[in-house]
Amino acid sequence: MKGLKPNMLVLCIVGATPTAMAFTPLDEVAMGNITGQAGVTIELETRLNIDRFIYTDEGSLEINDIFIGGANRTDMFSEMNINLNGDANDRLDNIRVNIDIARDGDAIINLLPISFNAVDFRMSTGAWNLTGTGGNTTILDNFKVDMLIGSGTIRVDTATDTVRFLTDIAIDDMDFDIPFLAMGIRDLQLTGANYDLSAPQPLRLFANVDLEIFKGANAAGVDVLAIEMASFEADLRIGGVLIGGTSIGSVAMDNLAITDTSLRIYGH
C-alpha cells in the first residue's frame, strides 16, 4: 500500500463490486455477543482538600479544612500484627472501579482493592460552625477518622428503580470534639460484630453496610428521597469519653444491631 498512488486508490474503491462493498447489519443477539462484554475499569488515586464547605438556609453551616485521602499509616488494627493497607501515604489509592451494564440494563459498579490489601481511608475536618444573626457556635471540631474499606458495590436496578449500595468498613480510630458541650470522643473503633480482640481475624474485621436508595412516599404521600437499611451489626468501642477535657472512662458495645431503619428526606 505504501507505493499505491492516491488516484489509483480512488479507482480501486470506485471499481469495487457492490457485493464486495456490502455491509450486513448485525441482529440484536450478535450485537450483544460483541459489545459490552468487558466493561470499563478505572484505577483511582486521589487526594481531596476543601478549605470551606458552606450550606446556607437562613443561617449557615460551615465545615472547615476538609481532607479526604489515605490514612498514611501501616499500623491500623495493630492487634493482628499485619499490614492490612499496603504502603503508607496520604493518597486515596489501591482502588479499582469496574463498571458493567448487565443484559437486563442494570448498572453495576464494583469497587475493589487493586492489591490484596484493604483500602485505607482518612477524613479530617476543622471546625463545624453554625452562623447566623444570633452569633456563631462551634458544634464539632478536630474530627478525624482512619478506616479500612474492604470492598463496595453500587447497583442501579432498572426493574425496581432502586440503587443498592453495599460496602464493608472497619474504623480503626475516630476522634472529635463537641466544644459547645465541652465533650470529646477519643479512640473510637468499629468492627464486625464477630471480631474478637483476643483472637483477631481479618475476615471478621469488617462491618457490612447495605443500603437501598429509591424514590418513595413520605407521610403525606409525596415522592421523596428514600433510604432503607434492613440491618447493621457491629462492635463499637470508645477508648475515652472526655468531659471538660478529662476522660471519664471508656465505652464498649458488643453486637450492636440497628434494624428496620427507614429514612425519608425532603425539603420543608
Side-chain angles (χ1 to χ4, degrees), residues 32 34-49 66-124 144-174 189-196 200-214 227-235 258:
I34 66 171
T35 61
Q37 298 300 299
V40 176
T41 296
I42 301 170
E43 293 185 2
L44 176 64
E45 181 175 312
T46 188
R47 179 175 53 235
L48 175 67
N49 291 90
I66 301 169
F67 169 81
I68 296 174
N72 200 22
R73 294 173 49 193
T74 58
D75 61 345
M76 285 200 279
F77 299 100
S78 58
E79 64 271 10
M80 283 187 282
N81 197 30
I82 57 176
N83 179 10
L84 287 170
N85 60 306
D87 297 330
N89 62 71
D90 63 354
R91 298 184 304 277
L92 185 60
D93 58 5
N94 190 34
I95 300 175
R96 176 185 291 116
V97 184
N98 292 333
I99 304 173
D100 294 285
I101 306 299
R103 186 177 295 274
D104 61 1
D106 289 2
I108 305 167
I109 304 172
N110 277 319
L111 291 81
L112 302 165
I114 295 174
S115 66
F116 193 65
N117 297 310
V119 175
D120 63 295
F121 173 89
R122 171 176 289 179
M123 179 176 177
S124 64
K144 178 178 72 68
V145 57
D146 289 348
M147 61 189 292
L148 295 175
I149 303 172
S151 63
T153 298
I154 301 172
R155 183 167 192 145
V156 182
D157 191 317
T158 56
T160 61
D161 291 339
T162 299
V163 178
R164 189 176 183 188
F165 175 77
L166 299 97
T167 189
D168 300 296
I169 63 170
I171 297 175
D172 177 71
D173 182 41
M174 180 188 290
Q189 279 195 339
L190 184 143
T191 62
N194 295 317
Y195 184 68
D196 187 347
Q201 293 290 333
L203 294 180
R204 297 181 177 178
L205 176 64
F206 295 93
N208 177 256
V209 179
D210 186 350
L211 301 175
E212 289 191 344
I213 306 169
F214 55 96
I227 302 174
E228 293 188 352
M229 180 175 66
S231 66
F232 175 76
E233 297 181 356
D235 287 346
I258 303 172

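- Nearest heavy atoms, Asn94 versus Ser115: OD1-N, 2.8 Å.
- For Thr167 against Ser151, the heavy-atom pair with the smallest separation is OG1-O, 2.8 Å.
- Note that the CG atom of Asn110 and the CZ atom of Arg96 stand 11.0 Å from one another [nearest 0.5 Å].
- Side chain of Asn98 to backbone of Thr41: no donor-acceptor contact under 3.5 angstrom is found.
- The CE atom of Met123 sits 12.5 Å away from atom CG of Leu92, with the distance rounded to the nearest 0.5 Å.
- Of all heavy-atom pairs spanning Asp100 and Gly39, the tightest one is OD1-CA, 3.3 Å.
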List the steps and the verdict of side chain to side chain contact (heavy atoms under 4.5 Å, CB included) for Lys144 and Asp173. CA-CA 8 Å; Lys144 178 178 72 68; Asp173 182 41; 3.2 Å; yes
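- Atom CG of Asp87 sits in a sparse spot, with 12 or fewer heavy atoms from other residues, nucleotides or ligands closer than 6.0 Å.
- Look at Asp120 and Arg73 and you find no salt bridge, because none of the NZ, NE, NH1 or NH2 atoms lies under 4.0 Å from a carboxylate O.
- Other residues, nucleotides and ligands place more than 12 heavy atoms under 6.0 Å from the CG atom of Asp104.
- Rounded to the nearest 0.5 Å, atoms CG (Asp210) and CD (Glu228) are 11.5 Å apart.
- Looking only at distances, no side-chain donor or acceptor of Thr153 sits under 3.5 Å from a matching main-chain atom of Ile108.
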Assess the residue pair Asp196 and Arg204 against the criterion (side chain to side chain contact (heavy atoms under 4.5 Å, CB included)); give the C-alpha distance rounded to whole Å, side-chain angles, the decisive distance to 0.1 Å, and a yes or no. CA-CA 8 Å; Asp196 187 347; Arg204 297 181 177 178; 5.9 Å; no
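- Checked by atom type, the side-chain pair Asn89/Asn72 shows no donor-acceptor distance below 3.5 Å.
- Rounded to the nearest 0.5 angstrom, Leu211 CG and Phe232 CZ are separated by 10.0 Å.
- In this structure, CG in Leu166 is found 10.5 Å from CZ in Arg155, a value given to the nearest 0.5 Å.
- Shown here for Asn83 and Asn85, the closest heavy-atom pair between the two residues is OD1-OD1, 3.0 Å.
- Considering Asp235, Ile171, Asp172 in turn, Asp172 is the only one that fulfils the side-chain contact (heavy atoms from CB on, under 4.5 Å) rule with Gln189.
- Arg122 places a side-chain N or O within 3.5 Å of a backbone atom of Ala71 that can act as its donor or acceptor partner.
- Using a 4.5 Å cut-off on side-chain heavy atoms (C-beta onward), Phe121 and Ile169 make no contact.
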Using the rule given for side chain to side chain contact (heavy atoms under 4.5 Å, CB included), can you reason through Leu205 versus Leu84, listing the C-alpha separation, both sets of side-chain angles and the distance that settles it, and then say yes or no? CA-CA 11 Å; Leu205 176 64; Leu84 287 170; 3.7 Å; yes
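- Considering all non-hydrogen atoms of both residues, Gln201 and Met80 come closest at C-SD, 3.9 Å.
- Ile66 is not listed as a side-chain neighbour of Leu48, based on a closest heavy-atom distance of 4.5 Å or more.
- Closest heavy-atom contact between Leu148 and Phe206: O-CE2, 3.8 Å.
- Remark: Arg164 does not engage Asp157 in a salt bridge, criterion side-chain N to carboxylate O under 4.0 Å.
- Rounded to the nearest 0.5 Å, atoms CG (Leu112) and CD1 (Ile149) are 12.0 Å apart.
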